[in-house]
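Throughout, numbering of the chain's residues begins at 1 and tracks the sequence. This one's a predicted model, so the numbers in the text were calculated from it and none came from an experiment.
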Amino acid sequence: MMMVRRMKTETKHFIRRSLIAIIPIVIGVLGGIGGNWIAQKYDVQIDKDAFLEAEKMMVSVWGTLLGFIITAVSILMAFTGSRLTEEIKKTGHYKTILFCYVYTCFVLLICIIWSIPAVFLELADRYAVGVFICATVTSMIEVFLCLVFLALLVYSTYK
């Protein structure tokens, strides 16, 4: 009975982690496709200089967020012996929280890796805009999820 319950719990956490990984990407892709569709339908002209400046700004934002989230993961790992961490580990949410933070780091790194060459090559066509929208939406959703998990950690600390 205990083994069946544990398998169900692990399956439930696996499903949560999968949703944390997949849903932001799907929403980001839909945003990029929708942005391209709207731009094409209304014949929106892309100002190359403005777009490249926006992309440069987002590389800075993504880099800053990446640094903060790596720091948050380091802090979470450093407090492995605390009462709160042990309680979260018992419920299985600790792995989910770490997964979310590490996955967000990965997403931000991919956004940076894609955007830097795009800026240097001055890619500013509608496909580059679509990828940029996708990357921005996906990364912001991932960061939002990290903030939700952080808020839950803070709430459970002062409960």
[atom1]/[X] to [atom2]/[Y] distance, rounded to the nearest 0.5 angstrom?
{"X": "Phe14", "Y": "Arg16", "atom1": "CZ", "atom2": "CZ", "value": "14.0 Å"}
{"X": "Ile112", "Y": "Ser60", "atom1": "CD1", "atom2": "OG", "value": "9.0 Å"}
{"X": "Ile110", "Y": "Ile113", "atom1": "CD1", "atom2": "CD1", "value": "5.0 Å"}
{"X": "Ile97", "Y": "Cys100", "atom1": "CD1", "atom2": "SG", "value": "8.5 Å"}
{"X": "Ile27", "Y": "Met140", "atom1": "CD1", "atom2": "CE", "value": "14.0 Å"}
{"X": "Ile75", "Y": "Leu153", "atom1": "CD1", "atom2": "CG", "value": "11.5 Å"}

Does the side chain of [Y] come within less than 4.5 Å of [X]'s, by heavy atoms?
{"X": "Leu123", "Y": "Val131", "answer": "no"}
{"X": "Leu66", "Y": "Leu109", "answer": "yes"}
{"X": "Lys95", "Y": "Leu98", "answer": "no"}
{"X": "Asp125", "Y": "Ile46", "answer": "no"}
{"X": "Glu55", "Y": "Thr136", "answer": "no"}
{"X": "Val143", "Y": "Ile69", "answer": "yes"}
{"X": "Leu52", "Y": "Lys48", "answer": "yes"}
{"X": "Phe106", "Y": "Val102", "answer": "no"}

Kindly say whether Cys146 contributes a backbone atom to a donor-acceptor pair with the side chain of Tyr101 at under 3.5 angstrom?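 Yes, because the side chain of Tyr101 sits within donor-acceptor range (under 3.5 Å) of the backbone of Cys146.
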Closer than 3.5 angstrom, by distance alone: can the side chain of Thr96 be matched with the main-chain N or O of Arg17 as a donor-acceptor pair?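 No: the side chain of Thr96 does not pair with the backbone of Arg17.
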Treating Ile, Leu, Val, Met, Phe, Trp and Tyr as nodes and any side-chain heavy-atom pair under 4.5 angstrom as an edge, say whether [X] and [Y] lie in one connected cluster.
{"X": "Leu30", "Y": "Leu19", "result": "no"}
{"X": "Ile22", "Y": "Val137", "result": "no"}
{"X": "Ile15", "Y": "Ile141", "result": "yes"}
{"X": "Val26", "Y": "Phe132", "result": "no"}
{"X": "Trp114", "Y": "Leu121", "result": "no"}

Donor + acceptor pair across side chains of Ser139, Trp62 (<3.5 Å):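 A pair is found: one side chain offers a donor N or O, the other an acceptor, under 3.5 Å apart.
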If every non-hydrogen atom of [X] is compared with every non-hydrogen atom of [Y], which pair is closest and at what distance?
{"X": "Pro24", "Y": "Leu145", "result": "CG-CD1, 4.2 Å"}
{"X": "Gly130", "Y": "Asn36", "result": "CA-ND2, 3.9 Å"}
{"X": "Thr138", "Y": "Gly28", "result": "OG1-CA, 3.5 Å"}

Name the residue from Ile20, Ile25, Ile23 that meets the side chain to side chain contact (heavy atoms under 4.5 Å, CB included) definition with Glu142.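 For Glu142, the side chain to side chain contact (heavy atoms under 4.5 Å, CB included) test succeeds with only one of Ile20, Ile25, Ile23, which is Ile20.
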Taking the six-membered ring for Trp, are Tyr103 and Phe99 parallel (under 30°), tilted (30 to 60°) or perpendicular (over 60°)?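 Because their plane-to-plane angle is under 30°, the rings of Tyr103 and Phe99 count as parallel.
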